[in-house]
2 protein chains.
Amino acid sequence: MGRRSDHTAEELRELLLAKGHALMAETGFAAFSGRQVARRAGYSVGTIYNVFGSLDALLAAINTRTFELWADWLRRALADGGEDRIASLVRGYFDFALAHPLLWSAIYEHRLPDGQHLSEDDLARRAELTGIVQQEVAAILPADTPLDVARYARSLIAGVHGHCSYVVTGSFALLDETDPLGSALDRVRESLAHHGAYNGANAPGT
Amino acid sequence: MGRRSDHTAEELRELLLAKGHALMAETGFAAFSGRQVARRAGYSVGTIYNVFGSLDALLAAINTRTFELWADWLRRALADGGEDRIASLVRGYFDFALAHPLLWSAIYEHRLPDGQHLSEDDLARRAELTGIVQQEVAAILPADTPLDVARYARSLIAGVHGHCSYVVTGSFALLDETDPLGSALDRVRESLAHHGAYNGANAPGT
DNA sequence: TTTTTATATTGAACAGTGTTCATTTCTGCG
DNA sequence: CGCAGAAATGAACACTGTTCAATATAAAAA
């Protein structure tokens with residue numbers, strides 16, 4: 001088969017991305033295969049390279065899409081959650097990872113080859129997630145805080161990420177760890193309290 | 001070639017493990033290959049399956065060895081570090097990951113197939129690392145702390161892990177993050193202070 | 001309308017992978 | 001010395017990512 005007109009370039013990109021994302025959700029990073037994506041889309045291997053340039057670029061796009069879903073998830077958690085917006089965020093972070101463990105893990109399992117970097121577009125899209133958290137953190141810190149809020153928010157995220165990563169990996173499951181989310185939230189609250197944040201439910205657990 | 005007597009079963013296991021560990025350090029998880037390990041050891045593919053049963057078992061053993069090196073590294077950091085043993089631990093955690101990024105990453109990139117778990121032996125060996133931290137944390141908490149120290153220590157580790165993981169992944173590099181180690185240590189100190197720990201240099205950074 | 005040009009799509013080719021297992025070769029025991 | 005059993009092999013199978021000459025088709029030109 002040669003040139004076709006079933007889809008515009010735009011549509012084809014979206015089709016491959018959608019099928020790729022679905023495959024990742026089903027099988028996970030280790031079993032992911034470009035050929036399988038092409039097959040599901042009704043095209044052949046080469047098309048992926050025509051459209052994305054490399055398999056890595058497709059993978060990056062798939063993971064960026066996961067970031068976008070994740071950001072939506074957090075926004076919803078904030079909207080539906082109660083007064084304690086920090087708790088909503090931490091819970092949202094965990095819930096998403098647990099709801100889509102394969103998609104979530106893929107983000108951290110995919111490493112670009114040495115020297116290659118994410119496109120500006122991917123970076124910008126992914127930064128939204130951090131932005132949401134940063135905004136909430138800024139909102140409850142004293143107006144005159146000496147903290148670099150962006151940096152501080154990233155640090156809090158990193159802390160929560162660590163807990164979450166242990167849960168999804170299974171490292172915690174074997175240790176009778178009952179409440180990793182609770183631990184993560186405790187650490188966040190301790191830190192926020194230390195920096196004079198005011199929160200609807202500020203008191204850290206014991 | 002058939003049966004040989006160049007190595008005992010024990011020696012052969014060690015040989016494959018050593019070559020496998022070296023390969024992982026050189027090429028990282030993505031480019032790791034069982035065939036390559038066998039070639040370097042002067043044996044053929046099948047031998048890996050004879051000795052370890054599966055490639056996953058070899059990978060688990062390789063990563064367990066990394067854990068052991070990491071624990072040694074922390075012990076040395078504690079011995080050579082100053083009074084502030086918590087700082088030594090956090091620094092040690094980061095330094096190891098940065099000194100051996102491919103080995104360190106491999107720990108978290110290797111996922112056992114669904115339903116399979118690490119052997120008791122692997123688990124026990126890996127637990128040493130946590131044990132070292134737990135001991136230090138227990139030492140500076142008030143004797144009458146209501147905390148479950150094991151659980152709490154794991155939580156602190158998770159927090160540091162999150163920061164470190166962002167560094168090694170490169171997520172932080174793109175954000176002009178100058179001092180992730182410092183951030184991690186600040187969060188740990190804030191929490192420890194909150195729980196009444198006494199530390200040679202207790203005051204968290206601002 | 002026909003011809004030409006440009007481009008999208010293909011799929012065979014290549015070098016690698018994990019995994020299995022019949023076959024072979026050697027060791028140690030009787 | 002002969003032989004049972006264990007260890008090492010490597011071909012076979014089905015897959016992978018990546019490249020690229022060939023081809024079929026759409027769009028533009030004549």
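Reminder, nothing fancy here: chain letters follow the sequence lines and each chain counts from 1.
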ask   = Who passes side chain to side chain donor-acceptor pair (under 3.5 Å) against B/E128, sequence neighbours left out?
value = B/R75

Other residues, nucleotides, ligands: >12 heavy atoms within 6.0 Å of A/E10 CD = no

key: Closest to the A/R39 side chain, choosing from D/dT16, C/dT10, D/dA8   = D/dT16

ask   = To the nearest Å, how far apart are B/Y43 OH and C/dT25 P?
value = 17 Å

Would you mind writing out the side-chain donor-acceptor pairs for residues 59-67 of chain B within the sub-3.5 Å range, not counting sequence neighbours?
{"unit_1": "B/N63", "atom_1": "ND2", "unit_2": "B/A106", "atom_2": "O", "d": "3.3"}
{"unit_1": "B/T64", "atom_1": "OG1", "unit_2": "B/A60", "atom_2": "O", "d": "3.0"}
{"unit_1": "B/T64", "atom_1": "OG1", "unit_2": "B/D122", "atom_2": "OD1", "d": "2.6"}
{"unit_1": "B/T64", "atom_1": "OG1", "unit_2": "B/R126", "atom_2": "NE", "d": "2.9"}
{"unit_1": "B/T64", "atom_1": "OG1", "unit_2": "B/R126", "atom_2": "NH2", "d": "3.3"}
{"unit_1": "B/R65", "atom_1": "NH1", "unit_2": "B/E14", "atom_2": "OE2", "d": "3.1"}
{"unit_1": "B/R65", "atom_1": "NH2", "unit_2": "B/E14", "atom_2": "OE1", "d": "3.0"}
{"unit_1": "B/T66", "atom_1": "OG1", "unit_2": "B/H21", "atom_2": "NE2", "d": "3.0"}
{"unit_1": "B/T66", "atom_1": "OG1", "unit_2": "B/I62", "atom_2": "O", "d": "3.3"}

note = Sorted by chain and residue number, the side chain to side chain donor-acceptor pair (under 3.5 Å) partners of A/D148 (sequence neighbours excluded) come out as none

Kindly give the atom pairs (protein nitrogen or oxygen, nucleotide nitrogen or oxygen) under 3.5 Å for nucleotides 11-13 of chain D.
{"unit_1": "D/dA12", "atom_1": "N6", "unit_2": "B/R35", "atom_2": "NH2", "d": "3.1"}

key: Any A/T47 side-chain nitrogen or oxygen under 4.0 Å from OP1 or OP2 of C/dA8   = no

All N/O donor-acceptor pairs, side-chain side in residues 38-46 of chain A, below 3.5 Å, sequence neighbours left out:
{"unit_1": "A/R40", "atom_1": "NH1", "unit_2": "A/E26", "atom_2": "OE2", "d": "3.1"}
{"unit_1": "A/R40", "atom_1": "NH2", "unit_2": "A/E26", "atom_2": "OE1", "d": "3.1"}
{"unit_1": "A/Y43", "atom_1": "OH", "unit_2": "A/R4", "atom_2": "NH2", "d": "3.3"}
{"unit_1": "A/Y43", "atom_1": "OH", "unit_2": "A/H7", "atom_2": "ND1", "d": "3.0"}

key: Nearest-Å distance for atom pair CG/P, residues B/L16 and D/dT9   = 10 Å

task = Identify, with sequence neighbours excluded, every residue that meets salt bridge (charged side-chain N to carboxylate O under 4.0 Å, His left out) alongside A/D95.
result = none

ask   = What integer distance in Å separates B/Q36:CD from C/dG16:P?
value = 10 Å

ask   = Between C/dT10, C/dG18, D/dA8, which nucleotide has the shortest distance from any of its atoms to the side chain of B/S33?
value = C/dG18

inquiry  = Just the rounded figure in Å: distance from P of D/dA8 to NE2 of B/H7.
reply    = 10 Å

Between P of C/dT9 and CG of A/L15, the distance in whole Å = 11 Å

ask   = Atom CG of A/D6 and atom C1' of D/dA26: how far apart are they, to the nearest Å?
value = 12 Å

ask   = Do any of residues 48-61 of chain B sit with a heavy atom less than 4.0 Å from DNA chain C, and if so which?
value = B/Y49, B/L55

key: side chain to side chain contact (heavy atoms under 4.5 Å, CB included) partners for B/S105, two or more places apart   = A/R111, B/E109, B/V168

note = Sorted by chain and number, sequence neighbours left out, ring-ring contact (aromatic ring centres under 6.0 Å, His included) with A/H100 holds for A/W73, A/F96

task = Please work out whether the ring planes of B/W104 and B/H161 are parallel, tilted or perpendicular, with thresholds of 30° and 60°.
result = tilted

